[in-house]
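Just so you know, ligand 1 is whichever comes first in the structure, and atom 1 is the first atom listed for that ligand. These numbers come from the heavy atoms of this one structure, side chains and all, not from hydrogens, waters or symmetry mates. Treat the numbers as computed from the prediction; the structure is a model and nothing was measured.
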Amino acid sequence: MFDFLDLESELTDEERLIRDTAREFVDDRIRPDIGDHFENGTFPTELIPEMGEMGFYAPNLEGYGSPNVSETAYGLLMRELEACDSGLRSMASVQGALVMYPIHTYGSETQKEAWLPKLGNGEAVGCFGLTEPEHGSNPSAMETRAEADGDGYVLHGSKTWITNSPIADVAIVWARDTSAEDDPVRGFLVETDRDGVTTNKINDKLSLRASITGEIGLNDVYVPGENVLPGVSGMKGPLSCLTQARFGIAWGAVGAARDCFEEARQYAKDRDQFGGPIGRFQLQQRKLAEMGTQITLAQLLVSRLTELKERGELRPQHVSMAKRNNVRMARNQSRVAREMLGGNGITTDYSPMRHMANLETVYTYEGTHDIHTLVLGEEFTGIPAYE
Ligand code: FAD
C-alpha cells in the first residue's frame with residue numbers, strides 16, 4: 001500500500017496489527033458491497049456489532065472495555081475505514097468520538113457504566129445532535145431548550161443532519177439549559193424511545209449515501225436529571241468532541257485519497273489507448289506524481305498531529321489546519337483520479353467518484369472548510385472574523 005516515505009516502518013506491532021485487521025475487514029466484508037450500499041442509500045447495519053468486537057469504536061479510550069490503543073493506531077483505523085468509504089468512517093467516528101468520548105470525559109460513573117461497554121461493542125448505537133435547521137456553522141445560536149421540571153428536564157427543539165439518528169438507541173443532545181444563569185449549553189443523554197422523540201431519515205442525499213442520516217425531533221421530551229452530562233457546561237462540551245472527531249477525519253481523508261490513487265495507478269497500467277497503457281503518457285504521470293505527493297504531505301501532517309496529541313499538546317487550531325487541508329486535498333485528488341478512469345470513472349464499479357461525492361459532505365461537516373479557514377485566520381492575526 002502506498003507509503004512513499006516509509007512512515008509505517010515506525011509503527012509498533014500493535015499498530016500494524018490494528019491497521020492490517022481493519023484493512024482486511026473492510027476488504028473482505030464491506031468493500032465488495034459498498035457500491036451497492038452507496039447506490040441504495042443503505043449502511044451494513046448487521047456489521048455494527050462485529051465492528052464493535054473488532055474494536056472500531058473509540059479504542060483509544062481507557063477503561064469500560066476499551067483497549068486504550070495509541071492515537072496512531074486510532075488514526076490508522078480511521079484511515080483504513082475511510083479508504084473503503086467515508087460513510088463507514090463516519091459511523092465509527094460518531095459512535096466513538098462524538099458519543100463515547102463525551103460520556104467518557106464528562107459523564108457520571110452511572111452513565112459510563114450504563115453506556116460505554118454497549119456502545120463499544122456495538123450492542124447500542126449513538127448519535128450526536130448539535131446542528132439545527134437554522135444553525136449549522138454557528139451552533140452557539142441553537143434554539144433547542146431544556147427546561148427544569150421536577151427532578152429532570154423537558155427538552156424541546158429539533159436537530160438535523162444527524163449521522164445515525166434513525167438507527168440510534170441514544171442521542172447526545174446539546175441544548176440550552178434555561179434553569180441556569182445565561183442559559184448554558186449542556187449535554188443530555190436522550191434515549192430515542194422516549195415519548196416525544198422522532199428520528200426521521202433524510203433521503204435524497206447525493207453524498208455519503210452509505211451512511212444513515214436523519215433528524216431528531218424533540219417535542220417536550222422528559223429526561224431525568226441523571227441524564228445530564230455533569231462534567232461540562234458551555235460550548236466547550238460539543239466543541240471538544242468535535243476536535244476528537246476532526247482528528248479522525250484528517251486521518252480518514254488520507255485513506256479516501258489513497259484509495260483513489262491506488263485505483264488510478266492500477267488503471268493507468270491496465271488501460272491501453274494508442275497502442276499501450278495510458279500510464280506511459282506524461283500527462284497521466286503528472287497527475288499521479290501530484291496525487292502521490294499531496295497524499296504523502298497530508299500523511300506527514302496527521303503523523304505530526306498525532307505526536308502532539310500523544311504529548312497532550314494538540315490544540316483545536318492544529319486540528320483545524322489538518323481537517324481543512326487533508327479534506328480539501330482528498331476532494332481535489334478524488335476528482336483527478338476520476339478523470340484518469342475516463343468513462344468507467346463515473347460508475348460505482350470504481351471508487352473515485354463515490355469518494356468524490358462523499359468528500360463533499362466531509363468538506364462541509366464538522367466545521368466547513370470556510371469555518372476552519374476563519375479559525376486559522378484568527379489564530380494567525382488574533383482577530384476573529386466570525387461576527
Ligand atoms: P451553513 O452554516 O448554513 O453554511 C452555508 C455556507 O456558508 C457554507 O459554505 C459555510 O462555509 C458558509 N458560512 C457560514 N458561516 C460563514 C462565515 N462566518 N464566513 C464565511 N462563510 C460562512 N451535525 C451534527 O450535529 N451531527 C451529525 O452527526 C452531523 N452529521 C452530518 C452528516 C451529513 C451527511 C451532513 C451533510 C451534515 C452533518 N452534520 C451533522 C451537520 C454539519 O455539521 C453542518 O452541515 C455544517 O456544520 C454546516 O452547517 P450548514 O449545513 O447549516 O451550513
Chemist: Look only at the side chain of Ser86 and the backbone of Glu82, and say whether a donor-acceptor pair between them is shorter than 3.5 Å.
Modeler: no
Chemist: Would Asp259 and Ser351 count as having a side-chain donor-acceptor pair, cut-off 3.5 Å?
Modeler: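 Short answer, yes.
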Chemist: Please tabulate, line by line, the atom pairs linking an N/O of ligand 1 to a protein N/O at a distance below 3.5 Å, with the distance in Å to 0.1, or answer 'none'.
Modeler:
from     : atom 1 : to     : atom 2 : distance (Å)
ligand 1 : 2 (O)  : Ser137 : N      : 2.9
ligand 1 : 2 (O)  : Ser137 : OG     : 2.6
ligand 1 : 9 (O)  : Asp370 : OD2    : 3.4
ligand 1 : 11 (O) : Thr368 : OG1    : 2.7
ligand 1 : 11 (O) : Asp370 : OD2    : 2.8
ligand 1 : 23 (N) : Thr131 : OG1    : 2.7
ligand 1 : 25 (O) : Leu130 : N      : 3.0
ligand 1 : 25 (O) : Thr131 : N      : 2.9
ligand 1 : 25 (O) : Thr131 : OG1    : 3.1
ligand 1 : 26 (N) : Phe128 : O      : 2.9
ligand 1 : 28 (O) : Thr163 : N      : 2.9
ligand 1 : 28 (O) : Thr163 : OG1    : 3.4
ligand 1 : 30 (N) : Trp161 : O      : 2.7
ligand 1 : 30 (N) : Thr163 : OG1    : 2.9
ligand 1 : 39 (N) : Trp161 : O      : 3.1

Chemist: Could you list who else is in Val223's hydrophobic cluster, with ILVMFWY side chains joined at under 4.5 Å, directly or through other members?
Modeler: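 Members alongside Val223: Tyr153, Leu155, Ile162, Val173, Phe188, Val190, Val197, Ile216, Leu218, Val221, Val228.
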Chemist: Would you say Glu215's side chain and Thr199's backbone share a donor-acceptor pair under 3.5 angstrom?
Modeler: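 No, the answer is negative, given that no donor and acceptor are paired below the 3.5 Å cut-off.
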Chemist: Does a salt bridge link Glu143 with Arg176, judged by any charged N lying under 4.0 Å from a carboxylate O?
Modeler: no
Chemist: Relative to the ring of Phe247, is the ring of Tyr74 parallel (under 30°), tilted (30 to 60°) or perpendicular (over 60°)?
Modeler: parallel
